[in-house]
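Written out below as structure tokens is the structure these notes cover.
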Amino acid sequence: MKLKTISLLLGLAFASAGHAASCPLPDAQANVAIGHLTTTVPNLDADGAATGNCTINDLIAEEGVFPNQAAWLAHVNAALDGVSAGLLTDAQKDEIRSAAAAYDIKRYQRIKLVAINDFHGQLTQPGNALSTPVGGIDWLGGYVNALRAKNPNGTLFLSAGDMIGASPLVSALFHDEPTIEAMNMLGLDFDIVGNHEFDDGKSELLRMQNGGCHPTDANTCKGADVGRPTPFEGAKFKFISANVKNADTGTTLLPPYFIKLIGGTRIAIVGAVLEETPTIVSPTGVAGLNFQDEADAINALVKQVRNRGAETIVALIHQGGTQTGGVASIAQANACNGLTGPIADIVGRLDGNVDAVLTAHTHQWYNCKLPTLGGKLVPVTQADSTGRGITEVDLTIDRGTRNVVGVYHRNHLVSRNNALITPVASVKALTDAYAALAAPIANQVIGSVTADVCGNYKLSGTCAPAAVQANFADGIAPAGALIADAQLDYTRRVGFGEAVIAFMNPGGVRESFFYNQSGTEGNGNVTYGESFTVQPFGNSLVTITLTGEQIERVLEQQFAGCNGQTSKRILQASTGLRYEYSDSAPACAKIDPASITLNGVAIDPAASYRVTVNNFLADGGDAFTVLKEGTDRLGGAQDLDAVTRYLSLNPSYTPVDFSVAANKRAVKLP
Ligand SMILES: [Zn+2]
């Protein structure tokens with residue numbers, strides 16, 4: 001088995017004059033890395049990532065699959081012999097050979113981490129990333145297998161949270177059981193829970209772990225129809241979190257860490273979710289749970305895991321950051337350009353015994369080295385979201401000292417154009433079987449649009465260009481307006497709430513209503529499946545009574561720094577409401593109360609107004625605590641039902657044009 005792997009690598013090297021051979025996962029780093037020993041020989045084929053060409057790094061990649069030192073050195077020599085004539089000088093070859101000789105394969109061990117983040121049940125293709133068609137569970141599985149093949153006995157496959165929740169219909173309709181089953185089939189080892197794992201509360205999360213059928217919904221336990229066990233088998237992998245505790249007992253809801261024994265080395269996987277989870281999850285989802293500081297919770301375990309023999313500690317944290325200036329290439333996806341966001345502070349407070357940090361939540365690309373407490377630099381990575389990217393981390397461990405002596409880390413695009421990757425047919429078949437079950441619901445046409453109705457959360461397709469988004473830079477997007485108008489229309493009726501205003505949380509508008517879905521449709525039809533993709537949370541409508549003064553405070557709470565709000569979150573307001581705000585004004589004073597009007601009439605602070613929101617907002621989600629003051633609560637329809645009704649009543653719906661001043665609802669003052 002091992003020898004076969006070697007001959008495969010050698011075959012690659014000899015196949016077509018060295019550097020011109022094709023590699024499934026080409027490596028474009030600047031120097032040749034041998035374990036933790038990086039030679040100063042420049043990599044002469046640094047364009048490998050774009051072309052698929054093997055680089056010298058690829059040809060001599062050492063992944064711990066060699067039976068002895070002689071076999072390893074023979075492999076390096078053969079790889080060097082296969083390099084095209086003239087690419088390396090004899091002196092450079094000698095330098096690589098001496099680095100290889102210094103790499104004692106008995107002393108050093110490699111452990112590979114393969115990580116995804118924010119998968120969100122995206123079993124089907126999520127679209128493009130970095131101008132390339134990407135993802136789909138079968139392709140993601142192909143990349144996992146290709147990476148695992150580089151170190152078959154020393155690889156862990158990890159998820160950094162939000163693996164489920166806010167997922168497409170094919171998974172969400174069945175309470176994300178399809179995603180759990182697919183990840184079981186791909187051999188996922190651990191999921192460090194994110195905020196979305198709490199969307200449906202702790203008992204549903206525990207059902208994801210332990211199996212069994214959903215207690216009330218019929219769309220559960222479809223194993224017999226899709227070739228999986230019935231009842232639902234639950235996750236074969238473990239959910240982990242160190243910083244989520246039961247409020248009553250003080251114990252963690254999930255195991256705080258796991259220690260895996262790999263080739264004689266104990267490696268600890270420790271996890272935490274963002275401390276602010278209760279501010280972004282429906283309060284019913286986190287009832288009875290306390291969320292602690294991420295770094296404190298991880299640091300508190302370091303002594304314990306070391307006492308149990310684990311010197312190698314990997315932290316997965318469902319929190320992240322963002323590079324400055326955007327990411328348009330795989331090189332930028334592997335950069336760390338001016339990273340901002342909460343993760344830098346968290347990493348800076350982590351115990352220096354932590355060796356690598358895999359992050360999530362912001363759906364961004366980055367590949368950083370950041371200092372932990374005491375200044376040790378560790379990799380801090382994230383690879384987009386929804387299976388568009390995947391992160392590879394190689395830890396080189398000195399078996400003598402048990403210390404990590406080298407870390408190599410990079411992000412890969414999960415490209416569907418890579419002929420050297422074999423998509424995993426079994427998970428495609430599983431997805432297709434679930435899609436067939438969901439099809440009668442998903443394909444139902446519920447209305448039509450005359451143009452793209454763009455959202456403002458995850459920008460994709462024809463709604464992605466900055467010039468399009470600039471038309472609604474004030475903060476209310478056409479898709480948000482459609483949803484708010486639909487909610488108002490549903491609940492304005494007598495007996496349904498008698499609402500005069502509706503507010504939709506911006507983070508709940510997950511996509512756009514496209515005129516051409518996937519570019520193939522051409523008739524503007526909107527299906528239930530497309531509408532579900534925009535609003536995947538299954539929230540219900542709630543109509544409450546607020547005074548004009550409370551409405552003013554709700555609007556002020558849209559801005560960071562006002563009554564616990566952590567970021568700017570412009571509520572998607574229904575038609576008729578209008579107000580002006582100034583970003584530069586002090587917190588809690590950004591709106592001139594006199595500018596707030598409803599259908600042209602000033603809002604009266606003392607009068608009462610019926611306001612519709614979803615249950616997430618009504619319970620104070622996204623830090624909109626003022627909405628919890630609402631009285632005369634009336635529960636109502638599912639959010640999707642309101643949009644379905646509205647589109648059926650308004651065929652050939654035309655999106656609100658927010659580039660026209662008269663159409664503006666929130667008006668940002670210059
Ligand atoms: Zn998240």
Side-chain angles (χ1 to χ4, degrees), residues 29-31 33 36 38 111-118 156 158-162 192 194 242-243 257 267-276 292-302 305 311-327 330-385 389-397 403-412 566:
Q29 65 177 330
N31 293 299
H36 60 298
T38 303
I111 293 178
K112 185 183 292 296
L113 311 175
V114 175
I116 55 171
N117 56 276
D118 304 276
L156 289 175
L158 308 168
S159 160
D162 285 3
I192 283 59
N243 69 332
Y257 66 88
I267 175 169
I269 306 294
V270 186
V273 62
L274 67 155
E275 185 184 7
E276 295 82 7
Q292 300 176 311
D293 178 84
E294 306 87 346
D296 291 350
I298 291 169
N299 291 348
L301 295 169
V302 167
V305 302
E311 291 292 328
T312 303
I313 302 175
V314 174
L316 280 81
I317 301 177
H318 189 82
Q319 178 58 290
T322 305
Q323 290 196 66
T324 306
V327 170
I330 192 66
Q332 289 172 334
N334 277 291
C336 185
N337 183 14
L339 190 81
T340 58
I343 196 63
D345 165 70
I346 294 169
V347 172
R349 293 185 290 110
L350 278 180
D351 189 297
N353 286 294
V354 171
D355 295 299
V357 185
L358 304 169
T359 74
H361 188 59
T362 48
H363 295 195
Q364 297 291 315
W365 292 101
Y366 47 84
N367 186 10
C368 299
K369 271 194 195 305
L370 298 178
T372 55
L373 199 62
K376 183 177 101 176
L377 291 173
V378 296
V380 178
T381 62
Q382 190 179 166
D384 201 331
S385 67
I390 192 164
T391 301
E392 176 186 21
V393 177
D394 281 317
L395 304 165
T396 302
I397 294 150
N403 285 327
V404 172
V405 292
V407 189
Y408 165 73
H409 45 107
R410 70 187 305 262
N411 290 323
H412 301 279
T566 50

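This is a predicted model, so every value here is computed, not measured.
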Does the side chain to side chain contact (heavy atoms under 4.5 Å, CB included) test come out yes or no for Leu316 and Ile269, once each step is laid out? CA-CA 7 Å; Leu316 280 81; Ile269 306 294; 3.8 Å; yes
Evaluate side chain to side chain contact (heavy atoms under 4.5 Å, CB included) for Val347 paired with Thr372, printing each intermediate quantity in order. CA-CA 5 Å; Val347 172; Thr372 55; 4.1 Å; yes
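- At least one donor-acceptor pair closer than 3.5 Å links the side chain of Gln323 to the backbone N or O of Gln332.
- With a 4.5 Å cut-off on side-chain heavy atoms, Val378 and Val407 do not count as touching.
- Here the CG atom belonging to Asn403 is positioned 9.5 Å from the CD1 atom belonging to Ile397, to the nearest 0.5 angstrom.
- Distance check, rounded to the nearest 0.5 Å: CD1 of Ile313 to CG of Asn299 gives 9.5 Å.
- Between Glu294 and Leu350 the shortest side-chain heavy-atom distance does not fall below 4.5 Å.
- Taking each heavy atom of Gly321 and Leu339 in turn, the nearest pair found is C-CD1, 4.0 Å.
- Contact detail for Leu358 and Ala160: the closest heavy-atom pair is O-CB, 4.4 Å.
- We find the CG-CG distance between Leu113 and Leu395 to be 5.0 Å, quoted to the nearest 0.5 Å.
- When atom types are taken as modelled, the side chain of Asn367 and the backbone of His409 share a donor-acceptor pair closer than 3.5 angstrom.
- Interatomic distance, CG of Asp293 versus CG of Asp345, reported as 8.0 Å (0.5 Å rounding).
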Apply side chain to side chain contact (heavy atoms under 4.5 Å, CB included) to the pair Asn117 and His318, showing each step before the final yes or no. CA-CA 8 Å; Asn117 56 276; His318 189 82; over 6 Å; no
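- The disulfide (SG to SG under 2.5 Å) contacts involving residues 352-385 comprise Cys336-Cys368, where partners must be two or more places apart or lie in separate chains.
- Interatomic distance, Thr391 OG1 to Ile116 CD1, rounded to the nearest 0.5 Å: 10.0 Å.
- Here the closest heavy-atom approach between residue Gly320 and residue His361 is recorded as N-CB, 4.3 Å.
- Between Asn243 and Val273, the closest side-chain pair of non-hydrogen atoms falls below 4.5 Å.
- Counting only residues at least two apart or on different chains, the salt bridge (charged side-chain N to carboxylate O under 4.0 Å, His left out) pairs with a member in residues 350-361 are Asp355-Lys376.
- No side-chain heavy atom of Gln364 sits under 4.5 Å from any side-chain heavy atom of Val327.
- In this structure, a donor-acceptor pair under 3.5 Å is present between the side chains of Thr362 and Gln382.
- Under the 3.5 Å distance criterion, the side-chain polar atoms of Asn334 are matched with a main-chain donor or acceptor of Asn411.
- At a threshold of 4.5 Å between non-hydrogen side-chain atoms, the residues Val114 and Leu156 do not count as touching.
- Considering all non-hydrogen atoms of both residues, Ala315 and Val354 come closest at CB-CG1, 4.0 Å.
- Of the residues Thr381, Asp384, Thr359, the one that meets the side-chain hydrogen bond (donor to acceptor under 3.5 Å, both in side chains) test with Tyr366 is Thr359.
- Looking at Val357 and Leu370, their side chains never come closer than 4.5 Å, going by heavy atoms from C-beta outward.
- You'll find the side chain of Val314 stays beyond 4.5 Å of the side chain of Val393, heavy atoms only.
- Nearest heavy-atom pair across Lys369 and Leu377 is O-CD2, 4.0 Å.
- Taken from CD1 in Ile346 to CD in Gln319, the straight-line distance is 5.0 Å, to the nearest 0.5 Å.
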